[in-house]
Amino acid sequence: MRIARFSIDGNVAFGAVEGDSPPGTTDGLVLDIIKGIPFADFELSGTKVPLSKVRLLPPVLPNKVVAFGRNYAEHAKELGNEVPDAPFAFFKPSTSVIGSGDEIAYPSFSQELHYEAELAVVIGRMCREVPRERVKDVILGYTCANDVTARDVQKREKQWARAKGFDTSCPLGPWVETDLDPGDLTIQCTVNGQQRQLGRTSQMIHSIEDLVVNISEAMTLLPGDVILTGTPEGVGPLNVGDEVAVTIEGIGTLTNKVIKRG
């Protein structure tokens, strides 16, 4: 099931996305409004609205976004970094999250903004110290993410709080796909329609099970929390006016435009 979060007539709701559409469009897609929330038992209301008539919001509002760096060997190499022996985590605050169609504001303190296409894991239930064999039980589904990074700031400041945590640096969407095997999916990033990244989730160094086990050993994960699983090689610059799109097989396309920060 594809679960979207959206607003219509000033109201916010979740809905199940139904139908098929040509790539890059919402033609033919409708939302069956959910009674309740997707983190508990819910029913479909049968009330349907065209997706083209609503505004898509970030599919979840996470308490925290836990991101893992250097989880693809070729990406680590392209930036001159060693591959870490263990999962390497950092955080993006909830204020960094935006949805598909929202604008990425180029931070005033950076001169080198980069895209990073990633598969995002959405947690579906409160959990801690999750054993490997139970990881699938705590996952609601998967969505597309862009770990937008002020690369010059990341290099200069050594730690990544400002470089990866600024407002609008974590686009998520367009929806959560709950019925998906994430083991070998194509991840693609385009800028202004030109392909910049192309990889597969099977190239991850540490698996999704590894990442969930690693972070849940340290902290409680809450429903709606998001885990970013790393980016393949091919990261590069974004400029004001660019349109960046992250497409993941079996999920869909997350699209955002870069604007000058006001």
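As the structure is a computational prediction, the values presented were derived from the model and not from experiment. Excluded from the calculations below are hydrogen atoms, water molecules and symmetry mates; all remaining heavy atoms, backbone and side chain alike, are included.
Identified under the salt bridge (charged side-chain N to carboxylate O under 4.0 Å, His left out) test for residues 104-127, with sequence neighbours left out: Glu116-Arg151, Glu116-Lys164.
Under the 3.5 Å distance criterion, the side-chain polar atoms of Asp210 are matched with a main-chain donor or acceptor of Ser207. In this structure a side-chain-to-backbone donor-acceptor pair under 3.5 Å is missing from Ser169 to Ser96. A donor-acceptor pair is defined here as one N or O able to donate and one able to accept, closer than 3.5 Å; such a pair exists between the side chain of Asp181 and the backbone of Gly183. With hydrogens and angles ignored, the 3.5 Å screen pairs a side-chain donor or acceptor of Thr149 with a backbone N or O of Asp147. Side-chain N or O atoms of Gln197 include one that pairs as donor or acceptor with a backbone N or O of Ala117 at under 3.5 Å.
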*Check the pair Arg261, Phe109 against side chain to side chain contact (heavy atoms under 4.5 Å, CB included), reporting the backbone distance first and the verdict last.*
CA-CA 10 Å; Arg261 187 172 183 175; Phe109 54 86; 3.8 Å; yes
*asked:* As a quick check of understanding, evaluate side chain to side chain donor-acceptor pair (under 3.5 Å) for Glu243 and Thr255, giving each step before the final call.
replied: CA-CA 7 Å; Glu243 184 175 83; Thr255 304; 5.6 Å; no
*Decide yes or no on side chain to side chain contact (heavy atoms under 4.5 Å, CB included) for Phe6 and Val12, but give the supporting numbers first.*
CA-CA 6 Å; Phe6 65 95; Val12 175; over 6 Å; no
*asked:* Under the criterion salt bridge (charged side-chain N to carboxylate O under 4.0 Å, His left out), I'd like the reasoning laid out for Asp242 against Lys257: C-alpha separation, chi angles, the key distance, then a yes or no.
replied: CA-CA 6 Å; Asp242 284 347; Lys257 189 170 182 179; over 6 Å; no
*Show the numbers, then the answer: is there a side chain to side chain contact (heavy atoms under 4.5 Å, CB included) between Arg128 and Ser216?*
CA-CA 5 Å; Arg128 182 170 60 90; Ser216 70; 5.6 Å; no
*Determine, stepwise, if the pair Glu157 / Arg162 fulfils salt bridge (charged side-chain N to carboxylate O under 4.0 Å, His left out).*
CA-CA 9 Å; Glu157 297 185 354; Arg162 296 206 316 151; 2.7 Å; yes
*Under the side chain to side chain contact (heavy atoms under 4.5 Å, CB included) criterion, do Leu172 and Asn146 qualify, and how do the steps go?*
CA-CA 7 Å; Leu172 298 173; Asn146 192 344; over 6 Å; no
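Remark: Arg196 fails to qualify as a cation-pi partner of Tyr115 under the 6.0 Å distance and 45° angle criteria applied to the six-membered ring.
The closest side-chain donor-acceptor pair between Glu103 and Thr168, if any, does not fall under 3.5 angstrom. A donor and an acceptor atom, one from each side chain of Thr186 and Arg200, are located under 3.5 Å apart.
Taking OG1 of Thr247 as the start and CG of Leu185 as the end, the distance is 12.5 Å to the nearest 0.5 Å. Separation of atoms CG (Asp179) and CZ (Arg2) is listed at 11.5 Å; rounding is to 0.5 Å. Taking CG from Leu228 and SG from Cys170, the interatomic distance works out to 5.0 Å, rounded to the nearest 0.5 Å. Considering OG of Ser202 and OH of Tyr72, their distance stands at 8.0 Å, rounded to 0.5 Å. Considering CD1 of Ile123 and CG of Leu140, their distance stands at 9.0 Å, rounded to 0.5 Å. Between Tyr142 atom OH and Cys144 atom SG the span is 13.5 Å, to the nearest 0.5 Å.
Using a 4.5 Å cut-off on side-chain heavy atoms (C-beta onward), Ile227 and Val212 make contact. Between Leu211 and Thr229 there is a side-chain heavy-atom pair separated by less than 4.5 Å. Using a 4.5 Å cut-off on side-chain heavy atoms (C-beta onward), Ile98 and Asp167 make no contact. Counting only heavy atoms from C-beta outward, the side chains of Ile104 and Pro171 approach each other to under 4.5 Å.
Taking each heavy atom of Val244 and Leu238 in turn, the nearest pair found is CB-CD2, 3.8 Å. Between Leu119 and Ile248, the shortest heavy-atom contact is CA-CD1, 3.6 Å. Nearest approach of Pro182 to Thr201, heavy atoms of both residues: O-OG1, 2.7 Å. The two residues Gly36 and Phe14 make their nearest non-hydrogen contact at O-CD1, 4.4 Å. Minimum heavy-atom separation, Lys260 to Val240: N-CG1, 3.7 Å. Of all heavy-atom pairs between Asn256 and Gly99, the closest is ND2-O, 2.9 Å.
Residue Val122 is not grouped with residue Val138 when hydrophobic side chains (ILVMFWY) are merged at heavy-atom distances under 4.5 angstrom, including chains of intermediate members. By the criterion of side-chain heavy atoms lying less than 4.5 angstrom apart, applied directly or through intervening Ile, Leu, Val, Met, Phe, Trp or Tyr residues, Ile251 is grouped together with Val246 in one hydrophobic cluster. Criterion: ILVMFWY side-chain heavy atoms under 4.5 Å apart, direct or through other members. Under it, Ile33 and Leu29 are part of a common hydrophobic cluster. Residues Leu254 and Ile3 are members of separate hydrophobic clusters, defined by side-chain heavy-atom contacts under 4.5 angstrom among Ile, Leu, Val, Met, Phe, Trp and Tyr. Put simply, Leu180 and Ile139 are part of the same group of oily side chains (I, L, V, M, F, W, Y) that touch within less than 4.5 Å, one to the next.
The pair Lys48-Glu18 counts as a salt bridge, with a side-chain nitrogen and a carboxylate oxygen less than 4.0 angstrom apart. Between Arg134 and Asp137 there is a salt bridge, since at least one side-chain N of the basic residue sits less than 4.0 Å from a carboxylate O of the acidic one.
Summarising the local packing, CD of Glu82 is surrounded by 12 or fewer heavy atoms from other residues, nucleotides or ligands at distances under 6.0 Å. Counting heavy atoms of neighbouring residues, nucleotides and ligands inside a 6.0 Å radius, atom CD of Gln194 does not exceed 12 of them. Other residues, nucleotides and ligands place more than 12 heavy atoms under 6.0 Å from the CE atom of Met219. In Glu78, the CD atom is crowded: over 12 heavy atoms of neighbouring residues, nucleotides or ligands sit closer than 6.0 Å.
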Side-chain donor/acceptor pairs under 3.5 Å, residues 50-65, sequence neighbours excluded:
| unit_1 | atom_1 | unit_2 | atom_2 | d |
| --- | --- | --- | --- | --- |
| Arg55 | NH2 | Asp102 | OD1 | 3.1 |
| Lys64 | NZ | Thr220 | O | 2.9 |
| Lys64 | NZ | Asp225 | OD2 | 2.7 |

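Listed by chain and number, the residues in a side-chain contact (heavy atoms from CB on, under 4.5 Å) with Val213 are Arg132, Val135, Glu217 (sequence neighbours excluded).
For Trp160 and Phe88, the distance between ring centers is under 6.0 angstrom.
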